[in-house]
Visitor: 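This is the structure I have questions about; it appears just below.
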Amino acid sequence: MIFKDKLSIVTGASQGIGKAIAELLAQEGAQVILWDIQEDKLQEVVDGINKQGGQAAYFRVDVASFPQVEATVKEILDDYGQIDHLVNNAGITRDNLLMRMSESEWDQVLSVNLKGVFNCCKAVIRAMMSRRQGRIVNIASVVGLMGNVGQTNYAASKAGVIGFTKSLAREVASRNITVNAIAPGYILTPMTEALSEQTRQMFLNLIPLRRFGTPEDVARAVRFLLSEDAAYITGQVLGVNGGMYM
């Protein structure tokens, strides 16, 4: 178990990609702390991990609220004494053409997807720097690299995550902290299931591997970037997209 004695925070961990990441890190021996706002689903994931012999707990956290994030990080540090990994996975969509997009649809997506990453990283980075070690993985999106109709807000937020990742990686590298991003393509999750069949087929036609990704595909990439095998990798964006964007 490569993450024995490590503590990992995973945001947006109640379902989909976040759930798969939390489960895999727990299998690798990490004490996993799940964050989300959906408490019932969080409890189900935590119970499942613990029944399999893992170690998991959860906190109800709105990552868009810095006071909530800061208070929760303090509580974790008081209880566990360390934070080794932060996986910023929490994200939402409010898709619409720009001409129809409301200010609220723009603000909600940027608050969770981009400001949430800022909030979480800012809250944990001092503790990581003090210990001179840490791993941060931010979940971006292929849309942040190539754009997509009806997702100016989502694409902007994920492109922002990529720029944020590269900048923070430069700031903390001297303290043995790595910061990387993963840009998933079309992954089969509750979020993508809401798309129309026409849109799903359009995406499938763009994927050379001719299949949609799974949450486990992304989770395995996260495991790699958190591991010692990736100790000399920082400021990078790893595409997990079946060749959809090269």
Side-chain angles (χ1 to χ4, degrees), residues 2-3 8 10-28 30 32 34-36 38 41 45 48-49 85-95 109 112-114 116-117 135-151 153-162 165 179-227 229-230 233 236-246:
I2 62 175
F3 298 137
S8 306
V10 182
T11 74
S14 68
Q15 61 186 2
I17 291 172
K19 175 176 180 283
I21 293 169
E23 290 173 341
L24 184 57
L25 299 187
Q27 289 171 21
E28 293 290 1
V32 184
L34 290 71
W35 290 10
D36 209 304
Q38 302 184 87
K41 291 184 177 180
V45 179
I49 290 172
H85 307 146
L86 169 64
V87 182
N88 284 305
N89 170 73
I92 62 171
T93 57
R94 297 291 185 271
D95 296 350
V109 170
V112 174
N113 296 8
L114 183 54
V117 172
R135 298 279 188 269
I136 297 174
V137 176
N138 299 321
I139 305 301
S141 170
V142 67
V143 172
L145 296 168
M146 64 183 285
N148 191 38
V149 173
Q151 291 193 308
N153 50 2
Y154 187 76
S157 71
K158 294 302 187 176
V161 167
I162 290 170
T165 297
V179 188
N180 292 288
I182 289 175
Y186 192 111
I187 308 298
L188 293 171
T189 68
M191 184 182 292
T192 56
E193 286 172 2
L195 297 175
S196 69
E197 183 58 36
Q198 181 181 4
T199 301
R200 288 161 63 95
Q201 191 58 48
M202 178 192 72
F203 277 120
L204 188 60
N205 292 338
L206 294 173
I207 302 171
L209 285 182
R210 285 291 181 262
R211 73 169 177 88
F212 297 131
T214 67
E216 290 72 26
D217 289 323
V218 181
R220 286 188 286 267
V222 171
R223 176 178 60 186
F224 167 67
L225 288 175
L226 294 178
S227 75
D229 289 341
I233 299 172
Q236 302 304 305
V237 182
L238 176 59
V240 182
N241 59 45
M244 180 179 174
Y245 183 84
M246 301 183 187

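Residues: numbered from 1 along the sequence shown. In what follows, every heavy atom counts, from backbone to side chain, and hydrogens, waters and symmetry copies are set aside.
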Visitor: Are any non-hydrogen side-chain atoms of Y186 and L204 less than 4.5 angstrom apart?
Guide: no
Visitor: Once rounded to the nearest 0.5 Å, what's the spacing between atom CD1 of I21 and atom NZ of K19?
Guide: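 Result: 12.0 Å between the selected atoms.
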Visitor: Got E28 and S227 here, is their nearest side-chain heavy-atom distance under 4.5 Å?
Guide: no
Visitor: Which heavy atom in V161 sits nearest to a heavy atom in L114, and how many Å separate them?
Guide: N-CD1, 3.6 Å
Visitor: Is the shortest distance from a Lys or Arg side-chain nitrogen in R220 or E216 to a carboxylate oxygen in the other one below 4.0 Å?
Guide: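 E216 and R220: not salt-bridged.
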Visitor: Is V222 close to I139 at the side-chain level, that is, under 4.5 Å between some pair of heavy atoms?
Guide: yes
Visitor: Where is the tightest heavy-atom contact between V240 and I187, given as atom of each residue plus distance?
Guide: O-CD1, 4.1 Å
Visitor: Do other residues, nucleotides or ligands put more than 12 heavy atoms under 6.0 Å from the CD atom of Q198?
Guide: no
Visitor: Can you find a pair of side-chain heavy atoms, one from L238 and one from N180, that are under 4.5 Å apart?
Guide: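 SC-SC contact between L238 and N180 ruled out.
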Visitor: Between N89 and I17 (side chain of the first, backbone of the second, donor and acceptor by atom type, cut-off under 3.5 Å), is there such a pair?
Guide: no
Visitor: So, for P215 and G16, which heavy atoms are closest and what is the spacing to 0.1 Å?
Guide: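 For P215 and G16, the tightest heavy-atom pair comes out as CB-O, 3.7 Å.
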Visitor: Could you walk me through whether I2 and L226 pass the side-chain contact (heavy atoms from CB on, under 4.5 Å) check?
Guide: CA-CA 10 Å; I2 62 175; L226 294 178; over 6 Å; no
Visitor: Pair V137, F224 - check side-chain contact (heavy atoms from CB on, under 4.5 Å), show working.
Guide: CA-CA 10 Å; V137 176; F224 167 67; over 6 Å; no
Visitor: Minimum heavy-atom separation for D217 and R211, please, with both atom names.
Guide: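 Scanning both residues, the minimum pair turns out to be OD2-NH1, 3.1 Å.
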Visitor: Kindly compute the distance separating CG (L206) from CD (Q201), expressed to the nearest 0.5 Å.
Guide: 10.0 Å
Visitor: Does any part of the side chain of L225, heavy atoms only, come nearer than 4.5 Å to the side chain of I233, both counted from C-beta?
Guide: yes
Visitor: Flag the pair M244 / M146 as yes when at least one side-chain heavy-atom distance between them is below 4.5 Å, and no otherwise.
Guide: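 Heavy-atom side-chain distance check passes, below 4.5 Å.
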Visitor: Could you tell me if the side chain of S8 sits less than 4.5 Å from the side chain of F3, heavy atoms only?
Guide: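 When only atoms from C-beta onward are counted, S8 and F3 do not touch, as no gap falls below 4.5 Å.
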Visitor: Which heavy atom in G91 sits nearest to a heavy atom in N113, and how many Å separate them?
Guide: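 That would be CA-OD1, 3.1 Å.
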Visitor: Which atoms form the tightest heavy-atom contact between T93 and V109, and what is the distance?
Guide: C-CG2, 4.1 Å
Visitor: CG/N241 to CG/L209 distance, rounded to the nearest 0.5 angstrom?
Guide: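 CG of L209 is found 8.5 Å from CG of N241.
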Visitor: Only one of L86, V112, N88, T11 clears side-chain contact (heavy atoms from CB on, under 4.5 Å) with V117; which?
Guide: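 Of the listed residues L86, V112, N88, T11, the side-chain contact (heavy atoms from CB on, under 4.5 Å) partner of V117 is N88.
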Visitor: Under 6.0 Å from the NZ atom of K158, do we count more than 12 heavy atoms belonging to anything else shown?
Guide: yes
Visitor: Could you state the interatomic distance from CD1 (I182) to OG (S141), rounded to the nearest 0.5 Å?
Guide: 12.5 Å
Visitor: With a 4.5 Å heavy-atom cut-off, do L34 and D36 have their side chains touching?
Guide: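 They are not in side-chain contact.
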